[in-house]
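Beneath this line is the structure, given in structure tokens, with notes to follow.
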There are 2 protein chains.
Amino acid sequence: MFSNGYLLLTTKENMTTTEPIPLQSTHRQPLVMVDTALFTILDQRLCLILARRKDAPFEGVLALPGGFVHVQEDADTEAAARRVIHGKIGIDAPYLEQLFTFSGMARDPRGWSVSVTYYALIPSSLLGRNDGVETFPVDALPALPFDHGQIVAQAVERLRGKATYSSLPAFLLPGEFTMNDLHRIYEQTIGARLDKASFRHKILDQGIIEPIPERFRVGAHRPAQLYRLASRMLTAFERRI
Amino acid sequence: MFSNGYLLLTTKENMTTTEPIPLQSTHRQPLVMVDTALFTILDQRLCLILARRKDAPFEGVLALPGGFVHVQEDADTEAAARRVIHGKIGIDAPYLEQLFTFSGMARDPRGWSVSVTYYALIPSSLLGRNDGVETFPVDALPALPFDHGQIVAQAVERLRGKATYSSLPAFLLPGEFTMNDLHRIYEQTIGARLDKASFRHKILDQGIIEPIPERFRVGAHRPAQLYRLASRMLTAFERRI
DNA sequence: AAATGTTAATTGCAATAAACAAATAACTAT
DNA sequence: ATAGTTATTTGTTTATTGCAATTAACATTT
């Protein structure tokens, strides 16, 4: 059957030649769900988007948006996460990344379960009015059901870890922003002070943003150069905006 | 029922007061398994431990050690991974970390599945003789079944990413090692040349290892100081060794 | 015993990057 | 015009890193 030694990846071709194996685990299988930590910036503070649960357990309680994985419909758990996010706040997240998979007996009163968690960065400009959706600064969250507190803690840690040396926080901003906007966002996500001059150098050297020619934000001060994410930083999705 | 507003975490206490909710997902649930990428150093090369599969599909083919999650027995997926590793090579992995959760229709001929993957670092000194277990340099692997090639690629990437600024590679070494041993391991895992002097400085400044007083490795050269992982770097498990 | 070879460990210096402090620029509002 | 506000730049100082050369402590060979 495997005369060529090894098979690399199960493609659709060899799936049809492989007879379907109805093998089931001899053990009861857990529930598989996805939960999402959605970050945004409001009033220059790093915030989390929470939604009131529609079903038991914890019906009506604020929690991370989540749901079961739909084996028939979802291509994978990331697709499930996108579906959950779209269903909850009506938009596609510009930045979405798998965080961690939580599991065990204790996390859900329904029993042993697995939750594949994702975190996403969402510019507040994309947020409309949504029923049952509320935002909270990450340093002033309500108590959360299940192990969602743990999930949030890990999401914040990951975001902070990545923010220091990547373009991540820029995804929390709208298309145009000033150097100071970006500076504030980085300070918020990292949770510490950053030197303005050094920050400017690092960001520009890395080439993750580019100035928009002739575009400035005016006000009671020297006009501020407007920047945008460098085109090479954008996903195919973003470029379409 | 939730008169105090919110519940933080589902503890054993409130699990008994919460009536068991036999709620099931309205959708068919996927198979949940764990797969492990086990790294070790042999002949000063970064290697991966593979095992021949005992069951269909791909029976007899070399693959990442893995298995189904046992809802009854496993505390969580990490416990399942530890069980798999122990069953396969008979030891507990000194360093074990969750890598990524792969999912979807295409990865397993049995249908839609979820694999929570882990990677582990195992000093070759702990490896005994094991039936059906073989090691391969990561840059000379056989073709692998399922999506295991992808899993390995991601594991190597993660290891390389973390190695640069952490104590990770030190877990691939036995209890005592020289600065040169460590230097070689870092070069292997990172896959690039590192300046010896700078390396020495960085490692010692970070305090991830400490010299063992009065202990040297002798040979046809100036005796080399022996080091060990600084005690604060060790897990509770490691300290017992 | 002296010379040689080998690897360990240290040192010095140039290049680079980061942190800190301050000055200057370009406006608005009064 | 002047004061106020924020943007941007310019130095100066302080680590960090990369590279090359040097010294140390042996074993081995002659």
Side-chain angles (χ1 to χ4, degrees), chain A residues 41 43-44 160-167 169-170 173-228 230, chain B residues 41 43-44 160-167 169-170 173-228 230:
Chain A
I41 296 278
D43 298 328
Q44 305 183 1
R160 298 220 155 124
K162 285 211 165 189
T164 316
Y165 55 90
S166 82
S167 62
L173 283 169
E176 299 187 343
F177 48 87
T178 68
M179 185 63 76
N180 256 10
D181 291 341
L182 191 65
H183 181 244
R184 262 195 300 269
I185 298 292
Y186 268 79
E187 287 195 333
Q188 263 299 305
T189 54
I190 292 171
R193 276 288 165 91
L194 295 173
D195 178 67
K196 284 200 175 194
S198 304
F199 177 76
R200 163 177 292 271
H201 271 130
K202 247 188 295 186
I203 291 292
L204 291 180
D205 290 353
Q206 289 183 41
I208 65 182
I209 62 172
E210 57 194 17
I212 311 175
E214 315 284 323
R215 294 269 301 145
F216 297 90
R217 178 178 299 166
V218 296
H221 49 73
R222 172 174 174 176
Q225 173 73 58
L226 283 170
Y227 294 87
R228 62 187 166 212
Chain B
I41 296 277
D43 297 328
Q44 304 183 3
R160 298 219 155 124
K162 284 211 167 190
T164 317
Y165 55 89
S166 83
S167 62
L173 284 169
E176 298 187 345
F177 49 87
T178 69
M179 187 63 77
N180 255 10
D181 292 340
L182 191 65
H183 181 243
R184 262 194 300 269
I185 299 291
Y186 267 79
E187 286 194 332
Q188 264 298 307
T189 55
I190 291 171
R193 277 288 166 87
L194 294 173
D195 178 66
K196 284 202 176 195
S198 304
F199 177 77
R200 163 177 291 271
H201 268 131
K202 249 187 293 188
I203 290 293
L204 291 179
D205 289 353
Q206 289 181 42
I208 65 184
I209 62 171
E210 59 193 17
I212 311 175
E214 313 284 323
R215 295 268 301 143
F216 297 90
R217 179 179 300 166
V218 295
H221 50 73
R222 170 174 175 176
Q225 173 73 58
L226 284 170
Y227 293 88
R228 62 187 166 212

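Numbers restart at 1 for each chain; the letters A, B, ... are given by sequence-line order, proteins then strands.
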Q) Are A:Phe177 and A:Ile185 side-chain neighbours, meaning at least one heavy-atom pair lies under 4.5 Å? A) no
Q) Nearest nucleotide by nearest heavy atom, which residue falls closer to the 5' end of DNA chain C, A:His221 or B:Gln225? A) B:Gln225
**Q.** Nearest-Å distance for atom pair CG/C1', residues A:Leu182 and D:dT8
**A.** 15 Å
Q. Rounded to the nearest Å, what distance is computed from the CZ atom of residue B:Phe216 to the P atom of nucleotide D:dA24?
A. 16 Å
Q | d(CE, B:Met179; C1', D:dA25) in whole Å | A | 17 Å
Q: Only counting residues at least two apart or in another chain, list the ones meeting salt bridge (charged side-chain N to carboxylate O under 4.0 Å, His left out) with A:Arg160.
A: none
**Q.** Side-chain donor or acceptor of B:Glu176 paired with backbone N/O of B:Arg228 under 3.5 Å
**A.** no
Q. Are B:His183 and B:Ile203 close enough that some pair of their side-chain heavy atoms sits under 4.5 Å apart?
A. no
Q: Could you grab the distance from atom NZ of B:Lys162 to atom OG1 of B:Thr189, nearest 0.5 Å is fine?
A: 13.5 Å
Q. Do any pairs count as a salt bridge (Lys or Arg N to Asp or Glu O under 4.0 Å) and have a residue in residues 191-207 of chain A, sequence neighbours left out, and if so which ones?
A. none
Q: Please work out which residues in residues 190-205 of chain A have a non-hydrogen atom less than 4.0 Å from an atom of DNA chain C and list them by number.
A: A:Asp195, A:Ala197, A:Ser198, A:Lys202
